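Remarks on the structure that follows.
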Amino acid sequence: MENSEIARIFHEIADLLEVKGDNPFRVRSYRNAALVVEGLPESLRTMAQKGAEGLMHIPGIGEGIREKILEMTRTGRCAFHDGLLKEVPQGILGILKVSGVGPRKAAVFFKELGITDVEGLEKAAKAQRLRTLTGFGEKSEERILKAIKDLRSMSGRANLGAAMQYAGAFQDYLKKIPGVTDCIPAGSLRRWKDSIGDIDILAACDEKAAAVMDGFAAYPDVRHVVSRGETKSTVMLNAGLQVDIRVIEKKSFGAALQYFTGSKAHNIALRDRAKRMGLKISEYGVFKEKSGAWAAGETEEDVYRSVGLPWIPPELRENRGEIEAAEEGRLPEMLDVKDIRGDLHVHTNESDGACSLEEMADGAIERGYAYMAVTDHSKAVGIAHGLDEKRVLAQIKRIDEFNEKLKKRGRKFTVLKGAEVDIRADGSLDHPDSVLDKLDCVLAAVHSGFSMSMSDMTERILKGIRSGKINILAHPTGRLISSREPYAVDMEKVMDEARKYGVALELNSYPDRLDLNDTHLALAREKGVPVVISTDAHSLRHFDNILYGVHTARRGWLEKKDVLNTRPLKELMKLLKRK
DNA sequence: GCCGTTTTCGGCCCGACTGTTTTCAGTCG
């Protein structure tokens, strides 16, 4: 059982306990454990091989949950979870996804009306049966029907790229409303999380907040207003994306930004820390607990300073040890997009790119890069018009000629000869060694046969690494955030072997990929496996995606030294020498 | 169920909005 599945079970246990009306702090323990497990770089499967001893010292995991992890990694089941499902029908978990319906209401619907799933809830609301319950009326039914409609129109979480665009447009609109002095997207967007549940926007204003709220609700792309208050409102966009806005006075802006950026787990830990110091943190500021006197709040720096910490970059705020690291002066030196000196995954119109080699090179030069690797597909990827041996040789010749031309013109820019060679189902590479040996930078990647077993897929990729012919493993898990699960692969084994063979792992910056993800990157850093941040550009504008890659790397605590393409060309070329 | 400058019991972040009810519980972030 993998970490993601174990985390899912803990989330479900938390939901089921809540519907049962169990101790809310016990519920929180399971929810917290789920988050901790999700953020764990190493797999519990591996850690549990040493028994309970291997699972000690994971914050938030105590004896009870440790036992359940052991059980799940050994048997693939959790008896406690199975037992809960006998008491509470699984369909009720779906009801909890309906906005405005939580565990208490779901329990009432189940006990009083025998409702066990969303369809049943919809029927009951339409038949006006909910209003027969105490505490529910006509409006409750309306809200629930609307929320069910919204739920169905949402395609789960939005990818970061799309969410950024929606948020940017909304932000521009809000800034033009009179009285708004500042406006910034917060939430998981500001933390550059790879998928976004909703957009959170914080606005500071010097006049009546009500005017801002009017403007907010009047945004042309709004489908309907979900809730509307003095300082806080929620709307649903036509695209099925929810947007929350919070309006706050300038003197509280830092505290509000800190609060609204999250993550929830980070905030709880920070507020807990404040409490132990005799302080209280809310979105309005930091206050002395006894006297209620205002202590800080205008900037985020002030808020963190008030609890004895340096400012913590948003990407790190997941309660994954950043507060302890901040306290001990161990926060990573954050990578900057300016540190990136070149792109090592670029396609041209020889395969499925939109632009020529020359056009892509111009684009890279314009960004201030020192180098770029042309890495078109190999023939197995027919749909991308992959190159055969003959075409690769022709491309090599063209690149040599192009580099000569650049040199003559005095340009300090080099195009590396590369390929994105397919790792076939049997682990062999899709170009002969004679071709690979002529290239500067060989990427290898899986493009088909995703449904293999974990052991087969791992072996397939290990064979590619052991060929000694590749430099970089591209998009190592193959996930597409909104449409395809990662294939099953033992990433720890892949990383160990990659380190042995001097193969780097790619962080693909495409917002739908972001592959490796943040926790894998943390593992790579721990294991000392070098990472390359690339865009997989198929057109000029794709170069911009490097921003998503860099911020994802920051989420994985990667520093400049951990990333190969922060090195100057000469140093890079030495590192790309294959064994 | 977790955790300890409040250490093995007794706490556990904090506030806005909604609907239905007259003072608040439930939900959300």
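Given the structure is predicted, the values throughout are model-derived calculations rather than measurements. Heavy-atom basis, side chains included; hydrogens, waters and symmetry copies ignored. Residue numbering restarts at 1 for every chain, and letters A, B, ... go by the order of the sequence lines.
Side chain of A:Arg555 to backbone of A:Arg191: a donor-acceptor contact under 3.5 angstrom is found. A distance-only check finds no donor-acceptor pair linking the side chain of A:Glu300 to the backbone of A:Gly254 [under 3.5 Å]. Between the side chain of A:Ser252 and the main chain of A:Gly285, no donor-acceptor pair closer than 3.5 Å is present. Between the side chain of A:Arg223 and the backbone N or O of A:Asn238, at least one donor-acceptor pair lies under 3.5 Å.
Here B:dT20 presents its P atom at 10 Å from CD1 of A:Ile144, a figure rounded to the nearest Å. In this structure, A:Lys275 places its NZ atom 10 Å from P of B:dG15, rounding to the nearest Å. The distance from atom CD of A:Glu289 to atom C1' of B:dT5 is 15 Å, rounded to the nearest whole Å. Between the CZ atom of A:Arg131 and the C1' atom of B:dT20 there is a distance of 14 Å, given to the nearest Å. Taking atom NZ of residue A:Lys232 and atom P of nucleotide B:dC14, one finds them 16 Å apart after rounding to whole Å. Atom CD1 in A:Ile268 sits about 16 Å away from atom P in B:dC28, given to the nearest Å. Rounded to whole Å, the distance from OH on A:Tyr30 to P on B:dC12 is 21 Å. The CD1 atom of A:Ile245 sits 21 Å away from the P atom of B:dG15 (whole-angstrom rounding).
Under the 3.5 Å distance criterion, with hydrogens and angles disregarded, a donor-acceptor pair is assigned to the side chains of A:His266 and A:Glu322. Counting only N and O atoms by type, the side chains of A:Arg190 and A:Thr261 include a donor and acceptor under 3.5 Å apart.
Taking atom P on both B:dC12 and B:dT18, the two are 28 Å apart, rounded to the nearest angstrom. With both ends at atom C1', the span from B:dC14 to B:dT8 equals 28 Å, rounded to whole Å. Comparing B:dC3 with B:dC13, their C1' atoms sit 16 Å apart, to the nearest whole Å. Using atom P as the reference point in both B:dA16 and B:dT21, the two lie 25 Å apart (nearest Å). Taking atom C1' on both nucleotides, B:dT7 is separated from B:dG11 by 12 Å, rounded to a whole Å. With both ends at atom C1', the span from B:dT22 to B:dC28 equals 24 Å, rounded to whole Å. Using atom P as the reference point in both B:dT6 and B:dC2, the two lie 22 Å apart (nearest Å). Across B:dC17 and B:dT23, the matching C1' atoms stand 16 Å from one another, rounded to whole Å.
Of the candidates B:dG1, B:dT27, B:dG15, B:dG1 carries the atom nearest the A:Arg26 side chain, counting heavy atoms from C-beta on. The side chain of A:Thr231 lies closest to B:dA16, out of B:dG29, B:dA16, B:dG26. Across B:dT27, B:dC13, B:dC17, the shortest atom-to-atom separation from the side chain of A:Pro103 is found for B:dT27. Of the candidates B:dC12, B:dC2, B:dC28, the closest approach to any side-chain atom of A:Ser29 belongs to B:dC2. Out of B:dC2, B:dA16, B:dG29, the shortest distance to the side chain of A:Phe260 is found at B:dG29. Comparing atom distances between the A:Tyr284 side chain and each of B:dC13, B:dT6, B:dG15 picks out B:dG15 as nearest. Listed candidates were B:dT20, B:dT18, B:dG1. Nearest to the side chain of A:Ser140 is B:dT20. Checked against B:dT18, B:dG29, B:dA16, the side chain of A:Asp198 finds its nearest nucleotide in B:dG29. The side chain of A:Arg28 sits closest to B:dC12 out of B:dT20, B:dG15, B:dC12. Ranking B:dT27, B:dT6, B:dG19 by closeness to the A:Arg276 side chain, first place goes to B:dT6.
With a 3.5 Å ceiling on both atom-pair distances, the Watson-Crick or G-U wobble partner of B:dG1 is B:dC12.
Taking 4.0 angstrom as the limit, A:Ser233 places none of its side-chain polar atoms (N or O) nearer than this to OP1 or OP2 of B:dA16. The shortest distance between the side-chain N/O atoms of A:Gln242 and the OP1/OP2 oxygens of B:dG29 is below 4.0 Å. Within the 4.0 Å cut-off from OP1 or OP2 of B:dG1, at least one side-chain nitrogen or oxygen of A:Lys68 is found. The phosphate of B:dC12 (OP1 or OP2) has no side-chain N or O of A:Arg271 nearer than 4.0 angstrom. Between A:Lys280 and B:dG15 there is a side-chain N or O to OP1 or OP2 distance below 4.0 Å.
Heavy atoms of A:Val108 sit nowhere under 4.0 angstrom from any nucleic acid atom. Counting non-hydrogen atoms under 4.0 angstrom, A:Glu138 reaches the backbone sugars and phosphates but no base. Here A:Thr134 lies out of heavy-atom contact (under 4.0 Å) with every strand. A:Leu270 comes within 4.0 angstrom of no nucleic acid atom, judged by non-hydrogen atoms across all strands.
Checking A:Val27 against A:Asp244, the closest nucleotide of DNA chain B that is more toward the 5' end is the one next to A:Val27. For the pair A:Leu279 and A:Gly64, both in contact range of DNA chain B, the more 5′-proximal nearest nucleotide belongs to A:Gly64.
One N or O donor and one acceptor, one from the side chain of A:Tyr259 and one from the base of B:dG29, sit under 3.5 Å apart. Counting atom types as modelled, A:Asn23 pairs a side-chain N or O with a base atom of B:dG1 as donor and acceptor under 3.5 Å. Side-chain N/O atoms of A:Lys264 and base N/O atoms of B:dG29 include a donor-acceptor pair closer than 3.5 Å.
Note: A:Phe170 and A:Phe216 have parallel aromatic rings, judged against thresholds of 30 and 60 degrees for the angle between ring planes.
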- request: For the pair A:Asp490 and A:Arg45, evaluate salt bridge (charged side-chain N to carboxylate O under 4.0 Å, His left out) and give the outcome as yes or no after the intermediate values.
  value: CA-CA 10 Å; A:Asp490 188 331; A:Arg45 182 171 42 79; 3.8 Å; yes
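Between A:Tyr219 and A:Ile177 there is no side-chain heavy-atom pair separated by less than 4.5 Å.
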